[in-house]
Amino acid sequence: MTTLAQEPPYESHEPSGESGGGPEGYSTHDVTNQPPPLPPYDASDDAALLEGVRREGAGWAEDELRRLGRRAGSAEAQEWGDLANRHEPVLRTHDRYGNRVDEVEYHPSWHHLMRVAVGEGLAGAAWADDRPGAHVARTAGGLVWGHTEAGHGCPTSMTYAAVPALRAQPELAKVYEPLLTSREYEPGLRRPTEKRGLLAGMGMTEKQGGSDVRTNATTATATAEPGVYTLRGHKWFTSAPMCDVFLVLAQAAGGLSCFLVPRVLPDGTRNTFRIQRLKDKLGNRSNASSEPEFDGTVAWLVGPEGQGVKTIIEMVNCTRLDCVMSSATLMRKTLVEAGHHVRHRSAFGARLVDQPLMRNVLADLALESEAATTLTLRLAGAADRAVRGDEGEAAFRRIATAVGKYWVTKRGPAFTAEALECLGGNGYVEESGMPRHYREAPLLSIWEGSGNVNALDVLRALRRSPATAHALFGELALARGADARLDAAVARLETGLGAASEAGARRLVELMALTLQGSLLVRHAPPAVADAFCATRLGGDWGHAFGTLPDSADLDGVLARALPREG
């Protein structure tokens, strides 16, 4: 791989098209010292990604991953991402005659992105793939295709996550699972069984409680038909309302329960799903998020009455993994953008990439990105092996996914802001694309439980299932003796568990995440990466902002593997 310092400088002198106004050959609008547009690149050209895919059992997918990476970095796909966000979805509550339709219109670019994502198996297809590593391959595909834009990852994530929850009701799974695991994207509301593929959403939160779903007020009334209910209530955040089916929570006679709600009923009539409005969100603008109202809405019970949270928790575990994946993707994407800029921009007599302090910033960002990607793929590997019956991996997945969800998504906003700053004022304008990435970053820490929810969930897992702590420390023990700073951090973690409290949950989970990332990097990353990570994140030789690596850090070694090749 070509190192950043080896690339020849770029210089552009583009005529403005204007004439006159000065000496011959002089124009006030000559363009110099500006980087060229980021050329088509391979979004899979990431050593940490490819090594992790092979290590976690999905090496068989590498050729397809590289093909998808080239497509994700193409000018066409990047334009789709831009257009889908500039032309936001529009709610149509009624048709011209006054009939209620509750439809959301998307720009064609959204459908292009969705068609590729579903066709590449990034929705539910992994559940129909018996090959070991199928779920790792899907996660790796998300890490690559996510370089286009983040919003359309919401319906693909929910569709993936709906399958294990729906299996709690085998007769429903028999009908819907083959369609949810399809690679066919077929937009539009029609009778589900007449479509070649379906998308699934979820409706859990309500305005009076948010994450505290025990306060849900939506009611479910049993009908004369076994397993069929009618719902009445109002959900507060239901994304991708044009999905075909939704898993929702409602209060039945036996307590909070999980239900399947199709937008179109088996007889072809529209189910009552009144979209009150679309959310005006900070980011994630390409993806519609809505407030639906249920009023006599027909629903099918999934799992036993009163066990709605237990039934839907499998869906939450899957979507939490996708939050980690999406945050790692955003880090990688903005690092690529920042690296491209500093390769071609000069200041104070030298290219930015050759200036020591900028190299420190880039190397620090590269460490964070590699740690996030490596952890994401380890979590995907645990999920894949847990699905295949590995109880130890299931215990590790239970705690490590919540740990990763807390930490990686927390790092995303600060990382994205620093990457944006590498572009200076150029990064602050919408044309650069960086503001869109910056607005996206906070969502991933909020979606599927905010930081506090995930930190407390880790404590809950430790108290209810001692096997989770055993699995975590078993993973950390694989690197014992390889780095003294890591060993000392693990010892601090063991001590901290004995005094764990709710007030200190964030501090504890942060240490869990850093020791886990350190363990993975010590075992699998080059010495330059592992040493710099342990020295800074675990050894305390670090400041409070990116770009504060110590002089002893091997910046060249870190950067040599950090960015995709250009040209």
Side-chain angles (χ1 to χ4, degrees), residues 89-93 100-104 151 154-155 157-159 161-162 165-166 172 176 189 192 198-222 228-252 255-265 270-282 284 287-303 305-316 318-320 322-323 443 446-450 453:
V90 176
L91 172 62
R92 307 293 186 195
T93 56
R100 191 91 195 202
V101 293
D102 296 288
E103 294 186 349
V104 180
C154 178
S157 177
M158 292 189 296
T159 302
L166 193 58
L172 291 177
Y176 289 101
L189 295 177
L198 301 178
L199 295 174
M202 60 193 298
M204 296 177 62
T205 62
E206 298 183 5
K207 54 182 172 285
Q208 71 278 358
S211 297
D212 186 4
V213 295
R214 295 170 300 178
T215 65
N216 279 10
T218 297
T219 58
T221 303
V228 181
Y229 292 67
T230 57
L231 307 185
R232 181 178 176 82
H234 184 197
K235 293 296 178 181
W236 188 232
F237 259 101
T238 298
S239 290
M242 296 316 294
C243 287
D244 301 281
V245 296
F246 293 82
L247 289 177
V248 306
L249 295 177
Q251 301 284 359
L256 191 65
S257 307
C258 181
F259 296 90
L260 178 74
V261 175
R263 286 292 314 265
V264 179
L265 296 170
R270 291 284 185 95
N271 206 358
T272 304
F273 194 99
R274 301 191 187 110
I275 302 175
Q276 301 302 307
R277 61 172 175 167
L278 300 184
K279 298 289 193 179
D280 187 8
K281 297 176 292 184
L282 170 68
N284 205 245
N287 175 44
S289 295
S290 69
E291 297 176 25
E293 180 185 19
F294 305 140
D295 188 6
T297 302
V298 181
W300 280 259
L301 182 66
V302 180
E305 270 196 15
Q307 296 189 27
V309 173
K310 182 179 180 180
T311 300
I312 212 167
I313 197 66
E314 269 301 307
M315 191 172 190
V316 173
C318 291
T319 50
R320 281 181 176 176
D322 279 9
C323 287
L443 167 67
I446 297 169
W447 192 32
E448 302 311 335
S450 62
V453 170

How many angstroms lie between atom [atom1] of [X] and atom [atom2] of [Y], to the nearest 0.5 angstrom?
X: Glu305; Y: Thr311; atom1: CD; atom2: OG1; value: 11.0 Å
X: Leu231; Y: Leu249; atom1: CG; atom2: CG; value: 10.5 Å
X: Glu448; Y: Met158; atom1: CD; atom2: CE; value: 9.0 Å
X: Gln307; Y: Ile312; atom1: CD; atom2: CD1; value: 13.5 Å
X: Glu314; Y: Leu247; atom1: CD; atom2: CG; value: 12.5 Å
X: Ile275; Y: Arg100; atom1: CD1; atom2: CZ; value: 8.0 Å

Measure across [X] and [Y] and return the closest heavy-atom pair with its distance rounded to 0.1 Å.
X: Ala165; Y: Met315; result: CB-CB, 4.3 Å
X: Val316; Y: Met202; result: CG2-CE, 4.5 Å
X: Lys235; Y: Thr238; result: CB-OG1, 3.6 Å
X: Gly449; Y: Ser211; result: CA-OG, 4.5 Å
X: Gly151; Y: Asn287; result: O-CB, 3.4 Å
X: Val104; Y: Pro241; result: CG2-CG, 3.8 Å

Of all residues at least two apart in sequence or in a different chain, which pass the salt bridge (Lys or Arg N to Asp or Glu O under 4.0 Å) check with Lys279?
-> Glu291

Which pairs with one or both residues in residues 293-303 pass salt bridge (Lys or Arg N to Asp or Glu O under 4.0 Å), sequence neighbours excluded?
-> Arg232-Asp295, Arg274-Glu293, Arg274-Asp295

Are side-chain heavy atoms of Leu301 and Cys258 found at a separation under 4.5 Å?
-> no

Side chain to side chain, Asp102 and Arg92, heavy atoms closer than 4.5 Å | no

Asn216: which of Thr205, Leu256, Val248 passes side-chain contact (heavy atoms from CB on, under 4.5 Å) = Leu256

Partner of Ser239 under side-chain contact (heavy atoms from CB on, under 4.5 Å), picked from Ser290, Cys154, Ser157, is Cys154

Would Thr218 and Gln251 count as having a side-chain donor-acceptor pair, cut-off 3.5 Å?
-> no

So, Lys281 and Ser289: side-chain donor and acceptor under 3.5 Å apart, yes or no?
-> yes

Partner residues of Asp244 under the side-chain contact (heavy atoms from CB on, under 4.5 Å) criterion, sequence neighbours left out | Lys195, Leu198, Leu199

Is it true that a side-chain atom of [X] and a backbone atom of [Y] form a donor plus acceptor pair closer than 3.5 Å?
X: Glu206; Y: Ala217; result: yes
X: Ser257; Y: Gly308; result: no
X: Asn271; Y: Val261; result: no

Across all chains, not counting sequence neighbours, the ring-ring contact (aromatic ring centres under 6.0 Å, His included) partners of Phe246 are Phe273

With Tyr229, which residues qualify under ring-ring contact (aromatic ring centres under 6.0 Å, His included), at least two apart?
-> Phe259

The side-chain hydrogen bond (donor to acceptor under 3.5 Å, both in side chains) partners of Arg320 (sequence neighbours excluded) come to Asn454, Asp457

Pair Glu103 + Arg270: basic N to acidic O under 4.0 Å | yes

Given the rule in the side-chain contact (heavy atoms from CB on, under 4.5 Å) test, do Leu282 and Leu443 qualify, once you have shown the distances and angles that lead to the verdict?
-> CA-CA 9 Å; Leu282 170 68; Leu443 167 67; over 6 Å; no

